[in-house]
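Note that the structure is a prediction, hence the values are computed from the model and not measured. Keep in mind that the numbers below use all heavy atoms, side chains included, and drop hydrogens, waters and symmetry copies.
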Amino acid sequence: MINNLTLTSTFLFLGNLLLNKVRDELIKRKWFFISLAGIVYGLFGLVLILWGFHLPESDVLIDLRALAVIGAVYTVGRLSGLIAGTIIIFGRLFLFEYGDMDVLIVSIAIVLGAWICSSLLLIGEHRVLLSRWLITICCSMILPPVLFYLTLENPMLWQFLIILSVFLVGGLFTYIILVYLTRSNHLFLLLKELANRDHLTGLHNPRAFEALFEETMNYAKANQKSFSLLMIDIDYFKSINDTYGHSSGDAVLSQMGELLQEFVRSGDTCARKGGEEFIVILNYCTQDNASHVAEKLRNVIEHNTFLLPDQRTLSITVSIGVATFPDIKPNVMLAKVDEALYEAKRQGRNRVCAV
């Protein structure tokens, strides 16, 4: 039993690291990731069968295969759990001696019960509740042996109690590890998000933008795709702080971030460059299209009403610079789009200027 629990904890911790890495790399290949996770969990279930152990002075074999199915559903989803369960059932049929038909039926019932119960109870925001885990363990891992025990002519109570104890301990042990990993992953993603986001606007911060810009630039060069940059600066922003106060300036910046996120496409990137400057990456966008988008954005901002903390409203204008790859070499794009922005300001502000 100790070997099984050690094996389970090792697999879950290492599997969590690998799954997180693969999930990031295969984010656009969802079905492949789900299938891969299901296969890995299924193979782990077969390993748990291989490490099953006999009760003393008995032919009764105990294994924790159901935990592989429950873990697959909990960490990835129902389909992954179904794949894992299918592999375990067929592996049990063709790779291991199964003895009596009654024992085989019980072993299959445990796997199916684990998938059904975990699919119903361990999905959603309440899946970390201990009560749900206890119901899942009881219905999938404990109920089939109970029914089997009642059919025996000479049942041995101590064997039955040991089996139930092993399943209960194994299930609770897995619950503790998976809940810990779930909360750790959540905190890690939260910290990662906070490290890459501007606290005021919710947009990417300069450090995150640099990494995203480099990634976009490398992809565009390798695939000969165009992309454009929009550098946006709020006109006369200092006068807003001087006239209405810094809290009003922060309110304008915050609402500006919301407006940009709503305006751009889902595949584009918005960032706060610093102060009242913002920058947008428009993927697969030529210079003509980028200039059209920039002019549309300028017009939207000009006619938008910004709400201040004292419930007064304010209208603002922006100046926008535009630069496009491959018209501009990538190593000078940031400098050129900055020059275009200041040219727009020199021409009187509230306008778009393209390199």
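Side chains of Thr201 and Asp198: a donor on one and an acceptor on the other come within 3.5 Å. No donor-acceptor contact under 3.5 angstrom links the side chains of His246 and Asp250, judged on distance only. Side-chain polar atoms of Tyr244 and Ser239 form no donor-acceptor pair below 3.5 angstrom. Side chains of Thr286 and Asn289: a donor on one and an acceptor on the other come within 3.5 Å.
Salt-bridge annotation for Asp235 and Lys345: present, with a side-chain N of the basic residue lying under 4.0 Å from a carboxylate O of the acidic one. Taking 4.0 Å as the cut-off between side-chain N and carboxylate O, Glu295 and Arg298 count as a salt-bridged pair.
In this structure, the side chains of Asn350 and Val318 stay at 4.5 Å or more apart for every pair of heavy atoms. A heavy-atom distance below 4.5 Å is found between the side chains of Leu130 and Leu172. The closest side-chain heavy-atom distance from Phe33 to Val76 is below 4.5 Å. Side-chain contact between Glu277 and Ile232 is absent, with no heavy atoms from C-beta onward closer than 4.5 Å. Two residues are said to be in side-chain contact when any heavy atoms from C-beta on lie closer than 4.5 Å; Ile62 and Phe167 meet this criterion. Looking only at side-chain heavy atoms (C-beta outward), Phe173 and Ser9 come within less than 4.5 Å of each other. With a 4.5 Å cut-off on side-chain heavy atoms, Pro330 and Lys221 count as touching. Between Asp338 and Leu334 the shortest side-chain heavy-atom distance does not fall below 4.5 Å.
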Exercise for review: Quick one: do Asn299 and His303 satisfy side-chain hydrogen bond (donor to acceptor under 3.5 Å, both in side chains)? Show the steps, please.
Suggested key: CA-CA 6 Å; Asn299 187 63; His303 292 90; 3.2 Å; yes
**Study point:** Verdict with supporting geometry, Phe227 and Tyr219, ring-ring contact (aromatic ring centres under 6.0 Å, His included)
**Key:** CA-CA 10 Å; Phe227 75 95; Tyr219 177 83; 9.8 Å; no
Check your understanding: Could you go step by step and tell me if Thr174 and Tyr74 meet the side-chain hydrogen bond (donor to acceptor under 3.5 Å, both in side chains) rule?
Key -> CA-CA 11 Å; Thr174 305; Tyr74 184 88; over 6 Å; no
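For the side chain to side chain contact (heavy atoms under 4.5 Å, CB included) with Ile234, the lone residue among Leu253, Thr317, Ile301 that qualifies is Leu253. Screening Leu121, Leu120, Ile123 for a side chain to side chain contact (heavy atoms under 4.5 Å, CB included) involving Arg132 leaves a single residue, Leu121.
Ring geometry for Phe11 versus Tyr41: interplanar angle over 60°, hence perpendicular rather than tilted (30 to 60°).
Between Leu230 and Ala290, the shortest heavy-atom distance links the atoms CD2-O, 4.0 Å. Across every non-hydrogen atom of Arg65 and Ser107, the tightest pair is NH1-CB, 3.1 Å. For the residue pair Ala37 and Leu19, the shortest heavy atom distance occurs at CB-CD2, 4.0 Å.
Of the possible polar contacts, none joining the Ser291 side chain to the Asp288 backbone as a donor-acceptor pair under 3.5 Å is found. At least one donor-acceptor pair under 3.5 Å links the side chain of Asn4 to the backbone N or O of Trp51. Remark: the backbone N or O of Val300 is not paired with any side-chain donor or acceptor of Asn304 at under 3.5 angstrom.
Atoms SG and CG, on Cys139 and Leu143 in that order, are 6.5 Å from each other to the nearest 0.5 Å. Put simply, CZ on Arg351 and SG on Cys353 are 9.0 Å apart, with the number rounded to the nearest 0.5 Å.
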